[in-house]
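Some notes on the structure that comes next.
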Amino acid sequence: MQASIKWLKEYVEFTETPDVLAEMLTMAGVPVEGITDLGKGIDNIVTGKIIGIEKHPNATKLSVCTIDVGSEKLTIVTGATNVKVGQIVPVALVGAKLPNGLEIQPTDLRGLMSYGMLCSTSELNIASKLLSPEAREGIYILSNDLAIGMDIKEALGLDDVVLEFELTANRADCFSVLGLAREVAVLTGGTFKKPMLSVRENAQEKSTDLVKVVIEEPA
């Protein structure tokens, strides 16, 4: 079973780091077998909008893109063929570090300087099985409603840590995120915030009119 730190914090307030929380849970009989930092290795990558594309004057297979990253406009040379004006894309700024260890520096590409890199899903270490076939090829095209200049970890929900549990049968009370949140509240002294559910029926026919419960054996 898996649960993320942000998900748990929807139901309980705590300040412990994922490592400390995992140790507390394990010692309480709720074993944490793995901790995954979703944004590990991703640094200085933001959302950017393509505001211009031109052919590279010295290379037929390269394009020169003008990218608005909010704080500035960058010139980035790319060989991707799926980019268009108006798209929001992940932009690795100069100094950015990628999960594969690559660090972005200004680069001379066939006579033109490129100040950054447009990223694919593989370069962001996003599992291909989570994506549509179209998203796996070329530059990762993001939703057009994303703000420009956002940290890509926030934009893609990678600013989170996931705990993987190996629960035993005697801890069935933790077989749900709410159950885990209760346990976290006990261990950390945090306030448990049980979700409040309410149903409003607007139709003329109510659910109570459709169901009748009769107790035939009071004992």
Determine the minimum heavy-atom distance between [X] and [Y], stating which atoms define it.
X	Y	result
P31	G29	CD-O, 3.3 Å
T188	M24	CG2-CE, 4.0 Å
L38	G157	CD1-O, 3.9 Å
G95	N44	C-ND2, 4.0 Å
P90	L142	N-CD1, 3.8 Å
G70	I148	N-CG2, 3.4 Å

Nearest 0.5 angstrom please: [X] [atom1] to [Y] [atom2], how far?
X	Y	atom1	atom2	value
K194	L197	NZ	CG	8.5 Å
M150	I88	CE	CD1	11.0 Å
D43	K40	CG	NZ	13.5 Å
T66	E54	OG1	CD	6.5 Å
C119	I104	SG	CD1	6.5 Å
K55	S63	NZ	OG	4.5 Å

Can you find a pair of side-chain heavy atoms, one from [X] and one from [Y], that are under 4.5 Å apart?
X	Y	value
F14	L8	yes
I45	L124	yes
L21	I5	yes
L163	T36	no
H56	V77	yes
Y11	P195	yes
L98	I42	no
L112	P57	yes

Besides V69, the hydrophobic cluster formed by Ile, Leu, Val, Met, Phe, Trp and Tyr side chains linked at under 4.5 Å, directly or via other members, contains V46, I50, I53, I67, L74, I76, V83, V85, V89, V91, L93, L118, I139, I141

Please write out which residues are connected to Y115 in a hydrophobic cluster, directly or through intermediates, given that two of Ile, Leu, Val, Met, Phe, Trp, Tyr count as joined at side-chain heavy-atom separations below 4.5 angstrom.
V94, M113

Is there a continuous path of hydrophobic side-chain contacts, each under 4.5 Å between heavy atoms, that joins [X] to [Y]?
X	Y	value
V64	M117	no
V186	V12	no
V214	V211	no
L158	V161	no
V184	M1	yes

Test log, rule side chain to side chain contact (heavy atoms under 4.5 Å, CB included), inputs R110 and L62
CA-CA 9 Å; R110 301 294 295 273; L62 296 178; 4.2 Å; yes

Any pair with a residue in residues 144-164 that passes side-chain hydrogen bond (donor to acceptor under 3.5 Å, both in side chains), sequence neighbours left out, goes on the list, sorted by first then second residue, please.
S4-D160, K6-D159, S143-D145

Do other residues, nucleotides or ligands put more than 12 heavy atoms under 6.0 Å from the [atom1] atom of [X]?
X	atom1	result
K9	NZ	yes
K193	NZ	yes
E137	CD	no
K206	NZ	yes

Can you check side chain to side chain contact (heavy atoms under 4.5 Å, CB included) on F192 and L178, steps first, answer last?
CA-CA 9 Å; F192 178 64; L178 280 177; 4.1 Å; yes

When you look at L180 and V30, which way does the side chain to side chain contact (heavy atoms under 4.5 Å, CB included) test go after all the steps?
CA-CA 9 Å; L180 290 171; V30 186; 3.9 Å; yes

Classify the side-chain pair [X]/[Y] by whether it contains a donor and acceptor separated by less than 3.5 Å.
X	Y	result
S207	E201	yes
T26	E23	no
T17	D19	no

Would you confirm whether T107, through its side chain, and L109, through its main-chain N or O, come within 3.5 Å as a donor-acceptor pair?
no

List the steps, then state whether side chain to side chain contact (heavy atoms under 4.5 Å, CB included) holds for E183 with L25.
CA-CA 8 Å; E183 189 73 14; L25 287 165; 4.0 Å; yes

